Amino acid sequence: MLKGIDPRLNADVLYALRAMGHGDVLIIADTNFPADSIARDTTLGELLHMDNLTAVEAAEAVLSVLPLDTFVDDFAGRMEVVDAPKEIPPVQEEVQAAIDSAEGMHRALIGIERFAFYDLARDSYAVIQTGERRFYGCFMFRKGVIPPDA
């Protein structure tokens with residue numbers, strides 16, 4: 001245990017989050033996502049696990065240390081529902097609320113078509129697979145910056 005660090009964050013996840021730079025992309029995926037095969041193509045090259053957590057629990061833990069990019073519209077995204085891209089399932093509503101809470105304001109997740117999401121994930125820094133069993137529990141976070149002290 002470390003003081004001030006969410007205990008849901010394991011050492012491998014903390015390493016990846018710290019190693020990421022401004023603009024790098026992190027994927028938080030549900031249990032149905034082809035995470036292992038896609039993770040092999042990422043910068044990190046291996047799959048990270050937060051197996052016993054839902055997508056929102058993993059997002060809350062990650063967002064406790066990871067700033068989101070404020071310079072771009074695609075700071076965070078969600079996998080769109082096939083044939084219903086505007087539909088927002090409860091799991092996505094919950095992660096949106098976690099983002100709003102972490103950021104202190106509302107910025108809507110962008111929708112990303114399923115196969116475009118897979119391509120984005122392959123080009124990402126890392127993939128974290130969660131224990132989320134609800135469909136469409138897949139998200140993209142783009143790392144931002146921490147400004148210098150005044």
Side-chain angles (χ1 to χ4, degrees), residues 1-82 85 88-104 107-146:
M1 296 289 295
L2 296 172
K3 290 170 51 174
I5 301 290
D6 190 310
R8 298 174 290 189
L9 295 169
N10 62 55
D12 294 333
V13 170
L14 282 170
Y15 170 82
L17 296 177
R18 174 62 181 92
M20 290 172 65
H22 183 207
D24 281 341
V25 170
L26 175 71
I27 300 297
I28 295 180
D30 62 29
T31 59
N32 293 299
F33 189 76
D36 187 67
S37 61
I38 285 179
R40 293 169 197 247
D41 291 333
T42 66
T43 302
L44 189 63
E46 63 183 88
L47 180 60
L48 300 173
H49 296 273
M50 295 178 87
D51 295 323
N52 297 320
L53 302 178
T54 65
V56 70
E57 290 168 336
E60 288 168 345
V62 166
L63 292 170
S64 74
V65 296
L66 183 83
L68 293 178
D69 199 333
T70 58
F71 296 110
V72 295
D73 292 334
D74 65 343
F75 70 99
R78 60 178 183 81
M79 182 187 287
E80 292 177 348
V81 176
V82 174
I88 309 293
V91 64
Q92 295 182 358
E93 290 175 353
E94 293 169 16
V95 170
Q96 178 69 67
I99 292 169
D100 293 351
S101 178
E103 295 294 297
R107 291 176 67 201
L109 289 158
I110 64 161
I112 305 167
E113 185 272 332
R114 177 183 166 209
F115 292 105
F117 192 97
Y118 290 167
D119 291 341
L120 175 67
R122 283 184 187 89
D123 291 336
S124 72
Y125 188 88
V127 175
I128 299 171
Q129 188 162 42
T130 69
E132 181 61 65
R133 292 180 57 197
R134 293 176 289 178
F135 298 147
Y136 299 100
C138 299
F139 302 91
M140 174 277 290
F141 294 158
R142 188 174 302 279
K143 187 175 183 181
V145 297
I146 298 172

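Everything numeric in this text was worked out from a predicted model, so none of it was measured.
Applying the salt bridge (Lys or Arg N to Asp or Glu O under 4.0 Å) test to Arg78 and every residue at least two apart in sequence or in another chain returns nothing. Among residues two or more places apart in sequence or in another chain, the side-chain hydrogen bond (donor to acceptor under 3.5 Å, both in side chains) test is passed with Asp73 by none.
Listed for the Gln129 side chain is no donor-acceptor partner under 3.5 Å among the backbone atoms of Leu47. Remark: the backbone N or O of Val56 is not paired with any side-chain donor or acceptor of Glu132 at under 3.5 angstrom. Not a single donor-acceptor pair under 3.5 Å links the side chain of Ser101 to the backbone N or O of Ala98. Checking side-chain atoms of Tyr136 against main-chain N and O of Val82 turns up a donor-acceptor pair under 3.5 Å.
The minimum heavy-atom distance between Ala102 and Leu63, with the atom names listed, is CB-CB, 3.8 Å. When all heavy atoms of Pro67 and Val65 are compared, the pair lying nearest together is CD-O, 3.5 Å. What you find for Ser124 and Val25 is that their closest heavy atoms are CB-O, 3.4 Å. The minimum heavy-atom distance linking Val91 with Ala55 is given by the pair CG2-CB, 4.0 Å. The minimum heavy-atom distance linking Ala126 with Leu48 is given by the pair CB-CD1, 4.1 Å. Contact record, Ala58 with Thr130: CB-CG2, 3.6 Å, taken as the closest heavy-atom pair.
With Met50 as reference, Leu9 is the one residue of Leu9, Asp12, Ile28 to meet the side-chain contact (heavy atoms from CB on, under 4.5 Å) rule.
Going from atom CG of Leu68 over to atom CG of Leu66 covers 6.0 Å, rounded to the nearest 0.5 Å. Here Arg142 contributes atom CZ and Ile110 contributes atom CD1; the two are 8.0 Å apart, rounded to the nearest 0.5 Å. Atom CD of Glu113 is separated from atom CG of Leu120 by 11.5 Å, given to the nearest 0.5 angstrom. Here OH of Tyr15 is found 14.0 Å from CG of Asn10. Values are rounded to the nearest 0.5 Å. Summarising the geometry, atom CG belonging to Leu109 is positioned 11.5 Å from atom CD belonging to Glu80; distances are rounded to the nearest 0.5 Å. Distance check: Ile38 CD1 to Asp123 CG gives 10.5 Å after rounding to the nearest 0.5 Å.
Two residues are said to be in side-chain contact when any heavy atoms from C-beta on lie closer than 4.5 Å; Ile99 and Phe139 fail this criterion. In this structure the side chain of Lys143 never reaches within 4.5 angstrom of the side chain of Leu26, judged on heavy atoms. The shortest distance between side-chain heavy atoms of Ile27 and Met140 falls below 4.5 Å. Using a 4.5 Å heavy-atom threshold, the side chains of Leu17 and Phe141 count as separate.
For the salt bridge (Lys or Arg N to Asp or Glu O under 4.0 Å) condition, the pairs that include at least one residue of residues 35-52, sequence neighbours left out, are Asp36-Arg40, Asp41-Arg122. Evaluation of the salt bridge (Lys or Arg N to Asp or Glu O under 4.0 Å) test over residues 89-100, restricted to residues two or more places apart or in two chains, returns Glu94-Arg134. Listed by first then second residue, pairs satisfying ring-ring contact (aromatic ring centres under 6.0 Å, His included) with a partner in residues 17-37 read His22-Phe71, Phe33-Phe117, Phe33-Tyr118, not counting sequence neighbours. Listed by first then second residue, pairs satisfying salt bridge (Lys or Arg N to Asp or Glu O under 4.0 Å) with a partner in residues 55-67 read Arg8-Glu60, not counting sequence neighbours.
Atom CZ of Arg107 is surrounded by more than 12 heavy atoms from other residues, nucleotides or ligands within 6.0 Å.
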